[in-house]
Each structure stands twice: as C-alpha cells, then as structure tokens.
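Below is one structure, written out as structure tokens; the observations come after it.
A quick note: this is a predicted structure, and the numbers were derived from the prediction, not measured. In what follows, every chain begins at residue 1, and chains take the letters A, B, ... in the order their sequences are listed.
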Amino acid sequence: MTFELVWIPKPYIIPVRSFGLCDRKRVLWEEERYTDGVKWKFLEHKGPVFAPPYDPLPSNVKFYYDGKHMKLSSTAEEVATFFAKMLDHEYTTKEVFRKNFYKDWRKEMTSEEKSKITDLNKCDFSEMSEYFKAQSEARKAMTKEDKQKIKEENERILQEYGFCIMDNHKERIANFRIEPPGLFRGRGDHPKMGMLKRRIRPEDIIVNCSKDSKHPKPPPGTKWKEVRHDNKVTWLVSWTENIQGSIKYIMLNPSSRIKGEKDWQKYETARRLKKCVERIRAQYRDDWKSKEMRIRQRAVALYFIDKLALRAGNEKEEGETADTVGCCSLRVEHLTLHQEMDGQEYVVEFDFLGKDSIRYYNKVPVEKRVFKNLQLFMEDKEPEDDLFDRLNTSILNKHLQELMDGLTAKVFRTYNASITLQQQLNEITNSEDNVPAKILSYNRANRAVAILCNHQRAPPKTFEKSMQNLQTKIDAKKEQLADAKRELKMSKYLLEGEIEEQLMKLEVQATDREENKQIALGTSKLNYLDPRISIAWCKKFGIPIEKIYNKTQREKFAWAIDMAEKDFQF
DNA sequence: GCCTCAACTTAGCAGAATGCGT
DNA sequence: ACGCATTCTGCTAAGTTGAGGC
C-alpha cells in the first residue's frame, strides 16, 4: 500500500524536496517515500517528564491503626495515600481491590510495619482523605494570580518537552508525561484492581531518537535504561509497566504527519473495501453452505463482524484481565436463539461484555442459514464453550488478507461506520433547513454510527436537571413569542421571526440532547468516520467546520480539511 | 501451527477549561 | 463578574494486528 502523494502538515521547518505539486489550495507535496518500514530519518526530543517525587504528609495528618496513631515510613505512607485518595470510590470496598492493594502495600512496608499492620480493616485513612479533599478545595480557591502562575509553568514545560523534531517537522507529542504511580483500577470486573502501579524511574526508560540528534539527558545522577536508534518505529520513549507487564510508549499527537498519514491510509483501505464488499459478502454467504465446519464458522463470524460491527475478539489470558469478548471469542452463553420472537423469525439475542466491559445487547433477525449454523455450532456444548471453536482472529485475518490486500476484521468497522454516515447524511440532510436543524441531522447520522458500534456512555449525572432547565427555557421562549404576537408594533414580524428561530433552536437542542442520553459520539467521530465525509458535507451545506469539529479535532483532521472538496463521497 | 510480544489504534471517564445566563 | 453547566482535554486502559520464535 503506497500513496504517491504525501500530506505535509503545516508546522514544517524546512520544506525540503518540495519540488512536487502544491496544487491550488491543497497542501499536498510530493516527498520521498520511505520503504521497508522506515518511519523517519531524523528524530530529536527532550525525553519524558517524570511524575513529581512523593511529598510526605504534614505531621498533623495522621494514620491510625486499630484506633492508635501510627507514623508510617515514607514509602508505606505514599502507597497509603493512594488508597486514601480513593476512599470515596465504591471500588475501595470491593474484596478484590482491597486484597490486591493490601498485598502490594505490605511489600512497601518496613518489617516493623509489616508486623504491626495485619488487617486492612483496622486501617483508618480518613484523616488523610480529609486532608486531600481540603487540598483540592484550596486549589480551587487559589487566587487568579496563583492559578495563572501554574498555567504559565505548565506552558513552559509543554514548550520544552511537548514537541519533537521528526524529519524537518516540529511535532506535538501526545503524552510526554510519565504516568504517575498509583493504584490500578482496570475497567469492569478486573482481577488486578487495587494493585500498586509503581513509580517509573529514568532507569526504566528506553529512549528512541536518531543518532545524529541531540540526545535527551536523564535527570542529574540517573541513567536511561537504554538509548536506541530504531527508525522502524514511531515511539520516542518506552517503559514496561508492572501490572500486565506490557510496554507503554510516548508517541506523537494525532495532529502529526506520521499519525495523520496513517489515519488517511486507514480510510483509503476502507474505501477499497467498499469496492469489493459485495463480492466478499457473496462469498461468505456461499460459505455458510460449506461442508467444512471451519469455513462455516469463519463465514458466520465474518457476517457478524460485517452486519453488527463486532470487534475481532482475540483470546485473552484468563485471570489476567476482565472477562470480555469480541466476535471470535464469543461463547455459547452469550447467544440465545429464538426460532420466533416478536413476530420475527430466526432471532439471535446477543448479551456479552465487550471492550472496556461495555455491555453489548442486541436482538437480531438473521438468515435462516445463519440460524441453522449457529444451532449446529452450539450443539453439545457447555455455556462456557467457545461458539467458534475452529476459528480465531489469526485465521480470520489471514482469510481476509486473501480477499483484499490490507483487509483485516477492523476494516469492516471503519467501512461500515463511514458508509453509514455518508448514506445517512445523503438521506436526511434537508438543504432547506437552517443551520441548527442541519446540525441535528448531522448528529443523528453520527448517532446511527455510534449505535452501530455500540459506543455507550453513562448518562451524565446532571442529565435530568439539564433537560428540565432546557424545558424551562423553551416554555419561557414560548411565552415570549405569545407576548410578541399580542403586541402591535412596527417591528412585530421581525421580532416574531427572531423569537421563533430562537425557540426552534432550543427545541432542536432538547431533541438532540434527549436522543444522546446514553450515546457517546466522540469515539466514532475520532476513530471511525472518514473526516472527509463531514468536511465535504460542511462545505456543501455551508456549515462552518467549527460546528462539527472542535480545535483538537480540526488539528487531528488537518489532512482532511486540506484535501476534501464539497463533492467528496466516501 | 501454535504462542508470545511489540507496536500501534481505540476507548470511556474525570477533571480542567470554557461558556453562558444572571 | 460570578457561579453553574457544558465542552474539551488528558489520561491510560484495553483492544487489534503482524512478526518472529519454536
């Protein structure tokens, strides 16, 4: 997969090799393409910003064990403060959380502390907790000047550590701050919740930069674990985290050339799928009849991935993470088959926890053949058995690769999300509508995608109240309109028109908010919807892009803003 | 064919920043 | 200008993918 044109983002330093086309307003330059997985030729940065060292509690803030004051060693105290800061959270009451915390906390105690502290239930962190609450209040109540000082200091750190130079471009770094120590809280029912996430030191850090760059310096008196010069990868800094033993990275911001180009490429792959998706669908439908079990399973799984936008579903190590599944890892217990339901034939009821332990619940009528296959796959199995016992993501992706270059399971999610947005926009946008009504249409199209991808959120805590407030405003506006109609003034019609428009705007807002109660639009907007669709739509209907994308999003999608014309179709 | 691991994308949430009505 | 509501941003967990070792 190569692209002749390379998009060059704005903050470039020296436009080397800008001999290519810079046609009209597009900012497309022809630049040397790297081959063999080379990601850059020059990379210079200042290294990470470490978490501030532990600041011990003032002596009047006490910890009590079994009702008696006990002075903790600095190390044990630090870990205790992590717990104290979470005291108001429900999960500090969970058995698993407490058990994991206690086990890891003990490791940080002196032998004396270990012998004294033998029961977490006898530990009283409440004074510590109150202290932190007071601190947080004090921070909120700071004077403007003090707040301004902190802001300026943060800005200074950002300017110093938040940027790097990669191949003539000054680029923003995404996460240049090292994750501070604390207690791990996974999502959902995580077996490792409460474990101590340890402090990262310079000795844990691998720095990646180019040989000919000014290397980042470790803090005085420390050393990096390693400095390497691997230009086949995009990260600047990495370290191994102690909870799962996985590697964490510092990488570039989504606004960077390297991320933007990858994003562009992702959508181009999805557009190539568009050209052959009907062929692929015909194929998997045909495969439902295969005499080989593995092929039938593959075909039904692919059908789910395509129709329901399920994730691939890798196997996970039991006991290491929350019990969640995707398509290939579905178990018999996650499906219920209904020969007939609510007047529909062959209904499959899905109920499982997906990524981030978000529940997927759906009732879907399927083709008779799919239904019969599912019955076959579930025959003689226990609820906890795999539905697709002859399939995994590796087999599936190898098959997909044969169907189309660059095709993997996740491309279907991107494709179906983007094509849905495009179709919805084409269908429901009314060119006669005013701007707020058009934006409601846009949000509805976006919502259709979020529902497809099962992007949920907890309803905002203030939801009911905010709906009420809005309704109050609407009522007031209606009254105002009635008043205006009663009055006989020169400016009557002008005024009426204005109020009607304001009322309409409020009503649209109320509809939008209500429909969005449990739906999260952000994820699909950021990761699944080809931004060129939205930008073209804005241009076509005269909607300012700012109404659709905020500043961060406009930076991330700079490539698309540069290249999409009003007639772009996904 | 497994399995493991590195590298990268995708995800929801909490707290900070901003906006808006009074 | 102030206080609350809303939006934005940062954070980091949790996925997917492909390569490489046996």
Side-chain angles (χ1 to χ4, degrees), chain A residues 37 39 89 136 139-140 144 147 150-151 154 158 162 173-180 182 184-188 190 192-193 197 206 208 230 232-235 238 240-241 243-254 258-259 262-263 265-266 305 310-317 320-322 324-329 353-358 392-398 400-401 406-414 417 450 453-458 460-463 465-467 469-470 472-473 476 509 513 519-528 549-553 555-556:
Chain A
K39 305 284 169 58
H89 262 113
S136 137
R139 226 172 302 125
K140 272 184 222 155
K144 259 196 193 129
K147 281 183 182 167
I150 292 176
K151 209 175 160 187
N154 281 336
L158 171 69
I173 299 167
N175 54 325
F176 56 90
R177 287 172 196 275
I178 298 282
E179 297 172 19
F184 177 81
R185 171 70 182 102
R187 316 263 165 85
H190 198 115
K192 298 193 172 183
M193 64 169 85
K197 202 168 98 161
I206 302 174
N208 194 32
D230 182 357
K232 304 271 178 76
V233 296
T234 67
W235 54 268
S238 76
T240 303
E241 151 273 344
I243 304 289
Q244 315 278 356
S246 66
I247 306 170
K248 299 256 181 162
Y249 303 93
I250 292 182
M251 290 184 185
L252 297 193
N253 195 72
I258 205 150
K259 295 286 184 190
K262 195 85 188 294
D263 208 33
Q265 193 179 107
K266 173 181 80 185
I305 284 170
L310 299 191
R311 297 188 184 82
N314 287 299
E315 296 116 296
K316 301 170 74 185
E317 211 175 328
E320 294 293 302
T321 58
T324 63
V325 297
C327 185
C328 294
S329 50
L353 297 181
K355 181 175 179 179
D356 292 324
S357 293
I358 296 288
N392 60 37
T393 54
S394 165
I395 296 170
L396 180 66
N397 279 333
K398 268 181 198 131
L400 293 175
Q401 188 57 239
L407 187 62
T408 63
K410 83 199 251 300
V411 178
F412 281 88
R413 252 168 102 80
T414 311
C453 293
N454 200 41
H455 291 142
Q456 297 188 30
R457 63 164 181 181
K461 287 183 198 82
T462 55
F463 186 82
K465 196 160 125 235
S466 103
M467 283 312 289
N469 288 349
L470 206 46
T472 311
K473 276 193 207 169
Q509 206 185 343
R513 191 170 300 177
I519 312 282
L521 299 184
T523 300
S524 52
K525 207 180 220 184
L526 233 45
N527 300 302
Y528 289 103
Y549 291 136
N550 66 31
K551 184 166 146 280
T552 319
Q553 293 165 338
E555 281 166 9
K556 167 164 179 168

Looking only at the side chain of [X] (C-beta and beyond, no hydrogens), which of the listed nucleotides [options] gets closest?
X      : options                : value
A:T408 : B:dA7, C:dT16, C:dG18  : C:dG18
A:K262 : C:dG18, C:dA13, B:dC8  : B:dC8
A:H190 : C:dG15, C:dA14, B:dA6  : C:dA14
A:M251 : B:dA7, C:dA14, C:dC8   : B:dA7
A:H455 : B:dG12, C:dC8, B:dA7   : B:dG12
A:K259 : C:dT12, B:dA6, B:dT9   : B:dT9
A:K197 : C:dT16, C:dT12, C:dA14 : C:dT12
A:K316 : C:dT17, C:dG15, C:dT12 : C:dG15
A:K355 : C:dG15, B:dA6, C:dT12  : C:dG15

For this session: Report the relative orientation of the aromatic rings in A:H190 and A:F184; use parallel for angles under 30°, tilted for 30 to 60°, perpendicular for over 60°.
Result: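 Perpendicular, since the angle between the ring planes exceeds 60°.
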
Exercise. On DNA chain B, nearest-nucleotide positions of A:R311 versus A:N154: which is more 5'?
Worked result: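 With A:R311 and A:N154 compared, the 5'-side residue is A:R311.
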
Problem set entry | Earlier contact from the 5' end, DNA chain B, for A:T523 and A:E315 |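 Its nucleotide being nearer the 5' end, the pick is A:E315.
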
Exercise. Do A:Y249 and A:N175 come within less than 4.5 Å of each other through their side chains, counting heavy atoms only?
Worked result: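 SC-SC contact between A:Y249 and A:N175 ruled out.
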
Exercise. Which distance, rounded to the nearest 0.5 Å, do you find between the CG of A:N527 and the CG of A:D263?
Worked result: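 The CG atom of A:D263 is 8.0 Å from CG of A:N527, to the nearest 0.5 Å.
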
Any base atoms under 4.0 Å from [X], or only sugar-phosphate, or nothing? Heavy atoms, all strands.
X      : value
A:A409 : sugar-phosphate
A:G313 : sugar-phosphate
A:L526 : nothing
A:S394 : nothing
A:F184 : sugar-phosphate
A:G522 : nothing
A:P180 : sugar-phosphate

Calculate the interatomic distance between [X] atom [atom1] and [N] atom [atom2]; express it in whole Å.
X      : N      : atom1 : atom2 : answer
A:R187 : B:dA11 : CZ    : P     : 11 Å
A:R139 : B:dA17 : CZ    : C1'   : 15 Å
A:K232 : B:dC8  : NZ    : P     : 12 Å
A:I247 : B:dT9  : CD1   : C1'   : 16 Å
A:K140 : B:dG15 : NZ    : C1'   : 9 Å
A:L396 : C:dG18 : CG    : P     : 11 Å
A:K398 : C:dT16 : NZ    : P     : 16 Å
A:M193 : C:dA13 : CE    : P     : 14 Å

Distance-only, no hydrogens or angles: does the [X] side chain make a donor-acceptor pair with backbone N or O of [Y] under 3.5 Å?
X      : Y      : value
A:K147 : A:K140 : yes
A:D356 : A:I358 : no
A:D230 : A:W235 : no

Would you tell me if any nitrogen or oxygen in the side chain of [X] comes within less than 4.0 Å of OP1 or OP2 on [N]?
X      : N      : answer
A:T393 : C:dT16 : no
A:K248 : C:dA13 : yes
A:N527 : B:dT9  : no
A:K410 : B:dT10 : yes
A:K39  : B:dC8  : yes
A:S246 : B:dC5  : no
A:R185 : B:dG12 : no
A:K266 : B:dT10 : yes
A:Y528 : B:dT9  : no
A:N550 : C:dC8  : yes
A:T324 : C:dA14 : no
A:N175 : C:dC11 : no

Problem set entry | A:R185: partners by side chain to side chain contact (heavy atoms under 4.5 Å, CB included), with sequence neighbours left out |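 Side chain to side chain contact (heavy atoms under 4.5 Å, CB included) check on A:R185 returns A:Y91, A:K94, A:F97, A:M193.
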
Exercise. Which residues pass the side chain to side chain contact (heavy atoms under 4.5 Å, CB included) test with A:K259, sequence neighbours left out?
Worked result: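 Checked A:K259 against side chain to side chain contact (heavy atoms under 4.5 Å, CB included); matches are A:M251, A:S256.
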
For this session: Heavy atoms only: give me the nearest A:N397-A:A409 pair and the separation to one decimal.
Result: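 That closest heavy-atom pairing would be OD1-N, 2.9 Å.
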
For this session: Would you work out how much the helix from B:dG1-C:dC22 to B:dT22-C:dA1 bends between its ends, with each end axis defined by five base pairs, to 10 degrees?
Result: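 Comparing the axis at each end, I get an angle of 20°.
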
Problem set entry | side-chain hydrogen bond (donor to acceptor under 3.5 Å, both in side chains) assessment of A:K316 paired with A:T324 | CA-CA 8 Å; A:K316 301 170 74 185; A:T324 63; 2.6 Å; yes

